[in-house]
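Working notes for the structure below.
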Amino acid sequence: MLQIDFIRDKKEIVLQGLQKRNFARAEELIAQVLDFDQKRREAQTELDKVNAEANNLAKSIGELMKNGKKDEAEAMKTNSASLKNRAKELEQAMKDFTQQRLEVLVQIPNIPNEVVPAGKSADDNEVVYQWGDMPELGDWALPHWDLIQKLDIIDFELGNKITGAGFPVYKGKGAKLQRALINFFLDQAIEAGYREIQPPLLINRDSGFGTGQLPDKDGQMYHATEDDLFLIPTAEVPITNLYREVILNEGDFPIKNVGYTQCFRREAGSWGAHVRGLNRLHQFDKVEIVQIQHPDKSYQALEEMCAHVQGLLEKLNLPYRRLKLCGGDMGFTSALTFDMEVFSGAQKRWLEVSSVSNFETYQANRLQCRFRPKDNPKNIQLAHTLNGSALALPRIVASLLENNQTQDGKVKIPAVLVPYTGFEWIE
RNA sequence: GGAGCGGUGGCAGAGUGGUCGAAUGCGCCGCACUCGAAAUGCGGUUUACUCGCAAGGGUAACGGGGGUUCGAAUCCCCCCCUCUCCGCCA
């Protein structure tokens, strides 16, 4: 969430930024936040005074007791009763205003970076880079959902039996291909200086709040109600939360972690004709890179992360394009997001396979992830958080299968993966 | 799931009603000594909110919440978590 001080001091900048997102309720919510904030401060100022008075009184009574002046002490006690009542009222008021302020604050999205283009929907995203040759496939080319059935490597019917739609079963070379991709992505990230993390797949409410999934997006996560835990929608959640309520030293930067996890998404209400096959699943595999950075270096890091992701796609020889998301299409918590889309030759569609974002201090403020500047250790500041998929597997698999299929019904494995798969062809 | 122990500052660890935001040790920072370093000595070293142009004040926090009391780290109640043992089990 945005920092209250920033909203107080730079209200115009906040409003301008929110406008770029086409965030309709900006004026209203900002006014509410400032109002609750004002009331909260007034309550605190008075509460502090009352408490100070009560503290002094208690001290005096203590002195009198010690000196045996019991009568005088008793006389003062009545005074403190009324102070106590007043303090209770004020404390309640403080709590209420703080809570109300928070409730509004979490409804306000991040302010887009100045380079973010204005726009309303995915149609307004900017293609900033494109790489690779478009696959030239004949009419014989099959979409991946037909291919996987023919090759018998991924089974949706079995998944339906075990769980339900969107939970595929990977079999034989299909399973091995998954494992190969995961290992390839992890190895590449480690080589790029990331530390591998294996986090829990269930998270508590504090973690969900820290990265922004809670309070509003709980409907998108699977909920283990008995223990009030949530299945992670992405490794971003546990890995970023490693740094919740942490004060880092400036020398700790850059912090670069990578994790492979399965991801679970309810995807409520988002099913349709264009999400056939592997295009959208409830459970899928993803390797995620997460950085915690000094504010001065975070955009450099963002570029580095994009370059890493693009390098992976190039090594897999998948034609892709890089999009700079417009204000209207960006995620709630992001300040700048680049999406990578791969062209899938038989569906003849661009598929999003990665989303790389800088959240600046928006997540860090929720997480309370901060650092001490070297030159001024007292001046503790919020860090910047970033993350990106590197990469999400299902659509990579879909495009690999489609683009690398041959007319006689086989699929060629990209050379970089062969050491991981142990085979060159799926047939 | 049952029983027990515990939860205090960066860490370890004292503190069982007031003068305790908290001893002591370690760590860390600064200074002195030294050619330099080590050792030693001295000083400093939590965070949040808030008032103030500033200097500098105030308040809160000892797992979380509530209560008793003029006054709570300390007493009482509820909850959470760690650890140990038992049970179950990969």
Side-chain angles (χ1 to χ4, degrees), chain A residues 1-9 33-105 198 200-210 214 224-230 238 241-253 255 262 292 361 364-383:
Chain A
M1 60 200 172
L2 298 175
Q3 294 166 84
I4 186 67
D5 299 16
F6 189 79
I7 297 176
R8 262 198 312 243
D9 299 342
V33 163
L34 290 175
D35 181 48
F36 288 133
D37 183 55
Q38 180 65 30
K39 286 176 174 156
R40 194 195 70 83
R41 282 151 74 200
E42 282 164 9
Q44 187 182 354
T45 304
E46 197 185 338
L47 174 63
D48 287 356
K49 274 184 198 154
V50 170
N51 278 337
E53 207 176 318
N55 286 344
N56 287 329
L57 203 56
K59 223 174 255 176
S60 309
I61 291 173
E63 283 295 317
L64 291 174
M65 294 289 222
K66 204 159 67 179
N67 297 329
K69 300 180 181 170
K70 260 208 156 158
D71 296 343
E72 284 180 52
E74 287 300 327
M76 290 176 91
K77 282 188 186 180
T78 49
N79 217 340
S80 82
S82 70
L83 284 176
K84 197 179 161 187
N85 284 334
R86 183 66 186 140
K88 223 171 201 176
E89 283 170 27
L90 288 166
E91 236 167 74
Q92 191 56 47
M94 268 265 287
K95 250 185 217 173
D96 291 347
F97 290 136
T98 305
Q99 179 60 25
Q100 286 168 10
R101 187 181 69 172
L102 179 69
E103 277 169 16
V104 180
L105 215 42
Q198 272 195 32
L201 304 183
L202 286 157
I203 51 137
N204 57 28
R205 284 188 177 272
D206 285 344
S207 297
F209 179 83
L214 296 175
T225 53
E226 186 75 15
D227 298 293
D228 198 25
L229 298 172
F230 297 87
N241 271 282
L242 297 176
Y243 299 91
R244 174 153 47 85
E245 283 155 47
V246 165
I247 301 178
L248 299 155
N249 290 313
E250 187 173 339
D252 296 336
F253 295 129
I255 290 173
Q262 302 193 305
I292 315 285
T361 58
N365 192 32
R366 289 171 160 239
L367 293 160
Q368 285 301 295
C369 169
R370 297 169 291 168
F371 74 98
R372 291 179 199 282
K374 225 173 226 157
D375 51 8
N376 188 3
K378 289 272 181 195
N379 183 25
I380 294 170
Q381 293 177 40
L382 292 172

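Every chain is numbered from 1, with letters handed out A, B, ... down the list of sequences. Hydrogens, waters and symmetry mates are skipped; everything else that's a heavy atom, side chains included, is used. All values reported here derive from a predicted model rather than from experimental measurement.
Residues passing the ring pair (Phe, Tyr, Trp, His ring centres under 6.0 Å) test with A:Phe97, sequence neighbours excluded: none. Partners of A:Asp206 according to the salt bridge (Lys or Arg N to Asp or Glu O under 4.0 Å) rule, which considers only residues two or more places apart in sequence or in another chain, do not exist here. A:Gln3 pairs by the side chain to side chain donor-acceptor pair (under 3.5 Å) definition with A:Thr361, not counting sequence neighbours. Listed by chain and number, the residues in a side chain to side chain donor-acceptor pair (under 3.5 Å) with A:Arg101 are A:Asp37 (sequence neighbours excluded). For A:Glu42, the side chain to side chain donor-acceptor pair (under 3.5 Å) partners are A:Gln38, not counting sequence neighbours. Evaluation of the ring pair (Phe, Tyr, Trp, His ring centres under 6.0 Å) rule for A:Phe230 yields A:His223 as partners, not counting sequence neighbours.
As judged by a 4.0 angstrom heavy-atom cut-off over every strand, A:Ile380 is placed among residues touching the sugar-phosphate backbone only. Within 4.0 Å (heavy atoms only), A:Arg8 reaches sugar-phosphate atoms of the nucleic acid but no base atom. Base contact: A:Lys84 has a heavy atom under 4.0 Å from a base atom.
Positionally, the nearest nucleotide of RNA chain B for A:Arg101 lies more toward the 5' end than for the other of A:Arg101 and A:Lys88. Heavy-atom distances to RNA chain B give each of A:Met94 and A:Asp48 a nearest nucleotide, and the one nearer the 5′ end belongs to A:Met94.
Between B:rC35 and B:rC42, the distance separating the two C1' atoms is 23 Å to the nearest Å. Comparing the C1' positions of B:rU59 and B:rG7 gives a spacing of 26 Å, expressed to the nearest Å. Rounded to a whole angstrom, the distance from the P atom of B:rC5 to that of B:rA90 is 31 Å. Annotation: B:rG71 and B:rC79 have their P atoms spaced 26 Å apart (nearest Å). Atom C1' of B:rG6 sits at a distance of 16 Å from the matching atom of B:rA14, rounded to the whole Å. B:rG21 and B:rG10 have their C1' atoms separated by 16 Å, given to the nearest Å. If you take atom P in B:rC81 and the same atom in B:rG1, they sit 10 Å apart, rounded to whole Å. The C1' atoms of B:rG15 and B:rC62 are separated by 11 Å, rounded to the nearest whole Å.
With contacts defined as side-chain heavy-atom distances shorter than 4.5 Å, the pair A:Met94/A:Leu90 does not qualify.
The partner of B:rU59, taking Watson-Crick or G-U wobble pairs whose two distances both stay under 3.5 Å, is B:rA48. As the counterpart of B:rA32, B:rU40 is assigned, both hydrogen-bonding distances of the Watson-Crick or G-U wobble pattern falling under 3.5 Å. Base pairing of B:rA72 is not made with any nucleotide, judged by Watson-Crick or G-U wobble geometry with both donor-acceptor distances under 3.5 Å. Across all strands shown, B:rG21 forms no Watson-Crick or G-U wobble pair with both distances under 3.5 Å. Judged by Watson-Crick or G-U wobble contacts below 3.5 Å, the nucleotide B:rG1 has B:rC86 as its partner.
A:Asn51 places no side-chain N or O within donor-acceptor distance of the main-chain N or O of A:Asp48, the cut-off being under 3.5 Å. Side-chain N or O atoms of A:Arg366 include one that pairs as donor or acceptor with a backbone N or O of A:Phe209 at under 3.5 Å.
Bounding nucleotides for the chain A contact on RNA chain B, 5' to 3', at a heavy-atom distance below 4.0 Å, are B:rG18 to B:rG71.
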Name every donor-acceptor pair, under 3.5 Å, that has one atom in a side chain of residues 81-88 of chain A and the other anywhere in the protein, sequence neighbours excluded.
residue, atom, partner, partner atom, Å
A:Ser82, OG, A:Asn79, O, 3.0
A:Arg86, NE, A:Glu46, OE2, 3.0
A:Arg86, NH1, A:Glu89, OE1, 2.7
A:Arg86, NH2, A:Glu46, OE1, 3.1
A:Arg86, NH2, A:Glu46, OE2, 2.8

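If you check residues 50-58 of chain A against RNA chain B, the residues with a heavy atom closer than 4.0 Å are A:Asn51, A:Ala52, A:Asn55, A:Ala58, listed by number.
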